[in-house]
Amino acid sequence: MTAAGEVRWRVVGREGGSVVLVDLDAGLDEVRRERVGPDRWAVEASAADPSARWVWSDTARWYPDLLAAGSVVARCQDLRLCHAILRASSLVTEAAALRADGAWDAPSTAAPAAVEPALFDLDPDGGAGVGSRTVPEGIDDALAELRRQAAALASSGDPGRLRLLLAAESAGALLAAEMHAAGVPWSIEVHEGILEQALGPRPAGGGVPARVQELADAVRAALGDGRASLDSQPKLLRSLHRAGVPARSTSRWELAEYEHPVIEPLLAYKKLMRLMTANGWTWLDEWTAGGRFRPVYVPGGVVTGRWASSGGGALQLPRALRPAVHADPGWTLVVADVAQLEPRVLAAMSGDLALAEAARGRDLYDGIVASGAIATRAEAKIAMLGAMYGATTGDSGRLVPALRRAYPRAMGLVDAAARTGESGGAVTTWLGRSSAPAGSEWHEVQARAGGPDASDAECAQARRSAGDRGRFTRNFVVQGTAAEWALAWLADLRGLLAELPAVPVEQGAEASGPVFSRRAHLCFFLHDEIIVHAPLAQAEAVADAVARSAERAARLLFGGFPIDFPLDLRISIDAAKG
DNA sequence: AATACAAGCGCG
DNA sequence: AAAGCGCGCTTGTATT
């Protein structure tokens, strides 16, 4: 890491038909301006100081070129992502300049092609961004936005947290591009084996696999209707009614409540159809190539700060398919996930020592049981989820009060967040990401319900939308802070992995691309779990880095507060062969 | 023919 | 055994 005074900022943007690189000193004063050809910029830039902090409009727009040219950058500031955080953050007191320029509220360049805004597609709050499709790419736009962001940061009473958040968010953007470039090592053989085991051999010419056909036949026989349609919910529901199953929907948990010969084969049929349509042979053909699955990660794609993804359903890969993630020969996978990330984050951010004590060194739910607050682990789990999600009824809602008595500080934090949301306000995560306040439409609904001639329906609607918002803001502070912890973990781990030596060419994992074929690299991230693809000889070093970065993330966010984040960490056993 | 929506299910 | 947060994707149906 370079000391703050030595940071060199490299800003990249367009000017006319050229790409322009501008070097700034630590005071953001311009020291050098260089015009390079649009096709050559990445190659020329990659020869420069790799420790510089790159500043660009949108990582997804600029970084893939650098990666393709064989260059990894250590740090960046993603102006689009940082803009989104700063313009909304309640920690920023001077956000007017940021909010004035709606051009920076546009989606990422790399997002799925934005559709033309419809004629009447007006933002209900009249906010900025209407009609603009991507963020500005001009060099002067970037320089101006960087200075606005620096000013906004300086206006914050606590710039340290926001600086952490912006750095973590930007590191995440780098990582998202890198993981797309590297891809998830994917064994088509294993995947096909799972499909064949479950569905039967791949049918020629788009037919129905044998196992699916058998189940369909069994369902139709049980329904007493050889031509019953199983894939249309309304038609299936009518068939069920005729057969004496008075279900209101065709959802799995409702069907499971009925005793009828059709239920078992129908549930099995639905499960197989789901596997086939979502992750079957078509998915393999479409989303894997050269032994890699390359989803598009969308950092900051979820309002809470979590990542979203686009293409291939990377964030929904069924657990049954995980064995298809398979290291290259001579490489291995280091897999880690955090146990009970969100309640641990809640304990730390609320300063709840009792909950932290329940969490320390063990399963958090076991700890709650040991404290005597709740009788069984299963109940402790649904109570905690209910507290963080805002459950009011059922087993979950019934158990929350016990949690409230045992952990008043932690529960007080989420309860307060809920009250803020119910009254239309915005809430903020530990590092300073704020939710949007309620829009004008929401306030109108509340106002109508408070009026003298409000109908029962209007009152009910207002109560419901207030409750919806309360549950959203209740969860936002926890989910959002958990996302921040995960980003800090990723960013630190990324740095540690970069310090590991490269392996010789002949030991490389070629499909990981020019940059990562010889280096341990993150290849998958899902909210609280990661997979690192690593040369076999570095497995232990990588596992150690994964554990150390988790500890460092905890200290970075929560200082000396006594909370730990235990990992379930394993080195894949399948990698040795091959 | 193209598009929007709801249901359902996968993930955390 | 099924209430309560955040997503993406596929299918069938309704709309235009």
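First the proteins, then the strands, lettered A, B, ... as listed; each starts at 1. Reckoned from all heavy atoms, side chains included, excluding hydrogens, waters and symmetry mates. Predicted model, so just to flag it, every value in this text is computed and none were measured.
- Between the CG atom of A/Leu385 and the C1' atom of B/dG12 there is a distance of 11 Å, rounded to whole Å.
- If you check B/dG10, B/dG12, B/dG8 against the side chain of A/Lys270, the one that comes closest is B/dG8.
- Side-chain contact check for A/Val262 versus A/Leu240: some heavy-atom pair is nearer than 4.5 Å.
- Counting non-hydrogen atoms under 4.0 angstrom, A/Arg469 reaches nothing in the nucleic acid.
- Atom CG of A/Asn475 is separated from atom P of C/dC7 by 10 Å (rounded to the nearest Å).
- Of the candidates B/dG8, C/dG6, B/dG10, B/dG10 carries the atom nearest the A/Lys271 side chain, counting heavy atoms from C-beta on.
- Between A/Thr429 and A/Thr304 the shortest side-chain heavy-atom distance does not fall below 4.5 Å.
- Annotation: side chain of A/Leu267 is in contact with side chain of A/Arg252 (closest heavy-atom distance under 4.5 Å).
- Atom CH2 in A/Trp283 sits about 17 Å away from atom P in C/dG8, given to the nearest Å.
- Sequence order on DNA chain C of the closest nucleotides to A/Gln233 and A/Gly390 puts A/Gly390 first from the 5' end.
- Side-chain nitrogen and oxygen atoms of A/Arg252 include at least one within less than 4.0 Å of the OP1 or OP2 phosphate oxygen of B/dG10.
- Between A/Leu522 and A/Ile531 there is no side-chain heavy-atom pair separated by less than 4.5 Å.
- Across every strand in view, B/dG8 sits in a pair with C/dC9 that passes the Watson-Crick or G-U test at under 3.5 angstrom.
- Within 4.0 Å of A/Leu317, counting heavy atoms only, lie sugar-phosphate atoms of the nucleic acid but no base atom.
- If you take CD of A/Glu254 and C1' of C/dA3, they are 15 Å apart, rounded to a whole angstrom.
- Comparing A/Glu286 and A/Trp253 along DNA chain C, the residue whose closest nucleotide (by nearest heavy atom) sits nearer the 5' end is A/Trp253.
- Of the candidate nucleotides C/dG8, C/dG4, C/dC5, C/dG4 has the atom nearest to the side chain of A/Thr392.
- Among the atoms of the strands shown, only primed sugar atoms or phosphate atoms (P, OP1, OP2) are found under 4.0 Å from some heavy atom of A/Gly313.
- Listed nucleotides: B/dG8, C/dG12, C/dC7. Nearest to the side chain of A/Ser232: C/dG12.
- Following rounding to the nearest Å, A/Asp528 (CG) and B/dC11 (P) show an atom-to-atom distance of 13 Å.
- Among C/dC5, B/dG12, B/dG10, the nucleotide with an atom closest to any side-chain atom of A/Arg274 is B/dG10.
- For C/dG6, its base never sits under 3.5 Å from the side chain of A/Gln479 at any donor and acceptor pair.
- Among the atoms of the strands shown, base atoms are found under 4.0 Å from some heavy atom of A/Ser396.
- Considering only side-chain atoms of A/Gln316, the nucleotide from B/dG12, C/dT13, C/dG8 that sits closest is C/dG8.
- When heavy atoms are screened at a 4.0 angstrom cut-off, A/Val303 is found touching the sugar-phosphate backbone but no base atom.
- If you take CD1 of A/Ile263 and P of C/dA1, they are 15 Å apart, rounded to a whole angstrom.
- Rounded to an integer number of Å, the gap from A/Leu346 CG to C/dC5 P is 17 Å.
- From A/His241, atom NE2 reaches atom CG of A/Leu236 across 9.5 Å, with rounding to the nearest 0.5 Å.
- Among the protein residues, A/Glu342 comes within range of no part of the nucleic acid, since none of its heavy atoms lies under 4.0 Å from any strand.
- The shortest distance between side-chain heavy atoms of A/Gln197 and A/Ile194 does not fall below 4.5 Å.
- Residue pairs that meet the ring pair (Phe, Tyr, Trp, His ring centres under 6.0 Å) test with at least one member in residues 187-219 of chain A, sequence neighbours left out, are A/Trp186-A/His191, A/His191-A/Trp283.
- The CG atom of A/Leu315 sits 7 Å away from the C1' atom of B/dC11 (whole-angstrom rounding).
- Between A/Thr250 and B/dG8, a side-chain N or O to OP1/OP2 separation shorter than 4.0 Å is present.
- Within 4.0 Å of A/Gly312, counting heavy atoms only, lie sugar-phosphate atoms of the nucleic acid but no base atom.
- The base of C/dC7 lies outside donor-acceptor range of the side chain of A/Arg306, with no N or O pair under 3.5 Å.
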